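The structure appears right after this line, and notes come after that.
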Amino acid sequence: METKTLSVTPPDLKEAAEILHNGGLVAFPTETVYGLGADACSNRAVARIFQAKGRPSFNPLIAHVADIRMARAFAHFDDIALRLAAAFWPGPLTLVLPLRENSGMSPLASAGLNTIGLRVPEHRAAQMLLEEFGGPIAAPSANRSGQISPTTAAHVLAGLTGRIEAVLDDGPCPVGLESTIIGFEGGATLLRAGGLPMEVIESCLGKPLRFISKTDPVTAPGQLASHYAPNARVRLNATTKNEGEMLLGFGSVEGADLNLSPSHDMVEAAANLFGYLHQLDAMGAKTIAVSTIPDTGLGRAINDRLRRAAAPRS
Ligand code: TXA
Ligand code: MG
């Protein structure tokens, strides 16, 4: 695939939005760092983010939205969250909020959690792209996994050329540091220091922020051994379906209740993963037996998540 460099002109913005509508990936500048954007409501598009980044696990992503109104279609805001949004959006602040049911958000974007990270970026290119696209754009920093966050289009291309459809180039990012992340479980909590100083947030709230502590249920969701787990028990590397089990298949396996991808397509398998675990739960599975998934490319992230789902529950 050839990665196009687009500029902030009406025809190029239109093309960028079209790529997103077709499930493609567009890196775009925000005031913090360049993000790697995909349609946040499309499992397949979000799966491609993880593939392009070479991420070995499915971390929850930030969904970028045009304004508070769009944000409220996807998450529940309490008074404190509303106050922060009113004070600091658009800007380098991400709010982690309870996800609305049936909001249309891809479960892969929130990594199967019942919360979603939302942010209204201030950068003109990000705002114009969001307006042209008309929906939420999921975007982690536009770097290969384990490398540093990009603050120019050249940084993005150095890591991702040939792996994404386009980069929208609008010069260097003014803040150059990722957004500050605030969660609300147990009170307003600093989840990640970032481009908006915590003192500014505290003076808006009129009280100190909490810090994450070891006793919090979800600190860094990607790091916990058993973080997203279905109600059913999970058995890995199944070659047969035992009595009372439901089989989540992969490839040409027979007798599967659901199949992540009959054609061995890893993007399809990643896109289906969380939704299928939910579905098998809803179908009343006591144990979900899962076929072996190749441990390469996106398969590493799929297996990481499945191992967590199969880990002993605390
Ligand atoms: O400035 C930024 O935030 C940039 C630009 C592109 O917006 N994005 C960014 O994304 O830094 P990323 O994926 O590199 O970092 C997102 C962080 C992760 O550490 C993730 O754990 C946290 O946000 N996060 C997202 N959703 C969450 C959730 N529902 N609960 C807890 N943490 C969440
Ligand atoms: Mg990052």
Side-chain angles (χ1 to χ4, degrees), residues 25-38 40 46 49-50 52-66 71 74-76 81 88-100 103 105-123 125-127 129-130 136-153 155-156 159-160 164 167-168 170 173-186 188-196 212 216-224 227-228 274 301 305:
L25 302 181
V26 178
F28 62 97
T30 78
E31 65 277 22
T32 60
V33 299
Y34 273 72
L36 179 54
V46 175
I49 289 180
F50 293 100
K53 283 184 68 98
R55 253 199 190 176
S57 65
F58 294 128
N59 298 334
L61 304 177
I62 296 168
H64 297 70
V65 288
F74 293 93
H76 298 284
F88 301 115
W89 279 356
L93 174 69
T94 294
L95 302 177
V96 173
L97 295 162
L99 182 61
R100 271 187 200 281
S103 67
M105 183 65 62
S106 158
L108 200 54
S110 59
L113 297 169
N114 55 14
T115 54
I116 181 75
L118 290 168
R119 169 160 118 78
V120 179
E122 184 167 34
H123 198 286
Q127 291 206 343
L129 181 61
L130 280 163
I137 301 177
S141 49
N143 51 277
R144 295 289 285 273
S145 179
Q147 300 182 352
I148 44 175
S149 294
T151 53
T152 65
H155 293 164
V156 174
L160 295 172
I164 64 177
V167 56
L168 187 58
D170 196 23
C173 303
V175 175
L177 195 69
E178 291 92 342
S179 61
T180 302
I181 305 183
I182 302 292
F184 295 93
E185 242 171 89
T189 305
L190 183 70
L191 299 181
R192 178 177 78 182
L196 183 68
I212 39 178
D216 280 349
V218 174
T219 45
Q223 266 67 36
L224 296 185
H227 120 245
Y228 173 74
F274 290 119
R305 193 48 86 234

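Reckoned from all heavy atoms, side chains included, excluding hydrogens, waters and symmetry mates. Being a predicted model, the structure only gives us computed values, none of them experimental. Each ligand, and each atom within it, is numbered from 1 in the order the structure gives.
- With distances taken over non-hydrogen atoms, the option nearest atom 2 (C) of ligand 1 out of Ala111, Gly37, Ser179 is Ser179.
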- Report the C-alpha distance between Phe28 and Tyr34 in whole Å, list the side-chain angles of each, state the deciding distance to 0.1 Å, and finish with yes or no for ring pair (Phe, Tyr, Trp, His ring centres under 6.0 Å). CA-CA 5 Å; Phe28 62 97; Tyr34 273 72; 8.2 Å; no
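- Leu93 and Phe88 get closest at one heavy-atom pair: CD2-CB, 3.8 Å.
- Ligand 1 lies less than 4.0 angstrom from a heavy atom belonging to Leu61.
- Pro92 and Arg119 make their closest contact through CA-NH1, 3.6 Å (heavy atoms, listed as atom of the first residue, atom of the second, distance).
- Here His123 has no heavy atoms under 4.0 Å from ligand 1, in either its backbone or its side chain.
- Within ligand 1, counting atoms from 1 as listed, the ones closer than 4.0 Å to a heavy atom of Thr32 are 1 (O), 2 (C), 4 (C), 5 (C).
- Between Ala81 and Leu95, the shortest heavy-atom contact is O-CD1, 3.8 Å.
- In this comparison of Arg192, Glu178, Arg119, the heavy atom closest to atom 15 (O) of ligand 1 sits on Arg192.
- Of the candidates Ala139, Ala75, Ala27, Gly35, the one placing a heavy atom closest to atom 8 (N) of ligand 1 is Ala139.
- Between the side chains of Thr32 and Ser179, no donor N or O sits under 3.5 Å from an acceptor N or O.
- Nearest to atom 28 (C) of ligand 1 by heavy-atom distance, out of Thr94, Val96, Leu177, is Val96.
- Across all non-hydrogen atoms, the minimal contact from Trp89 to Ala71 is CZ3-CB, 3.8 Å.
- With a heavy-atom cut-off of 4.0 Å, Thr115 touches ligand 1 through backbone and side chain alike.
- The nearest non-hydrogen atom to atom 33 (C) of ligand 1, considering only Pro60, Pro98, Ala142, comes from Pro60.
- In this structure, Ala111 and Asn59 approach most closely via the heavy-atom pair CB-C, 4.0 Å.
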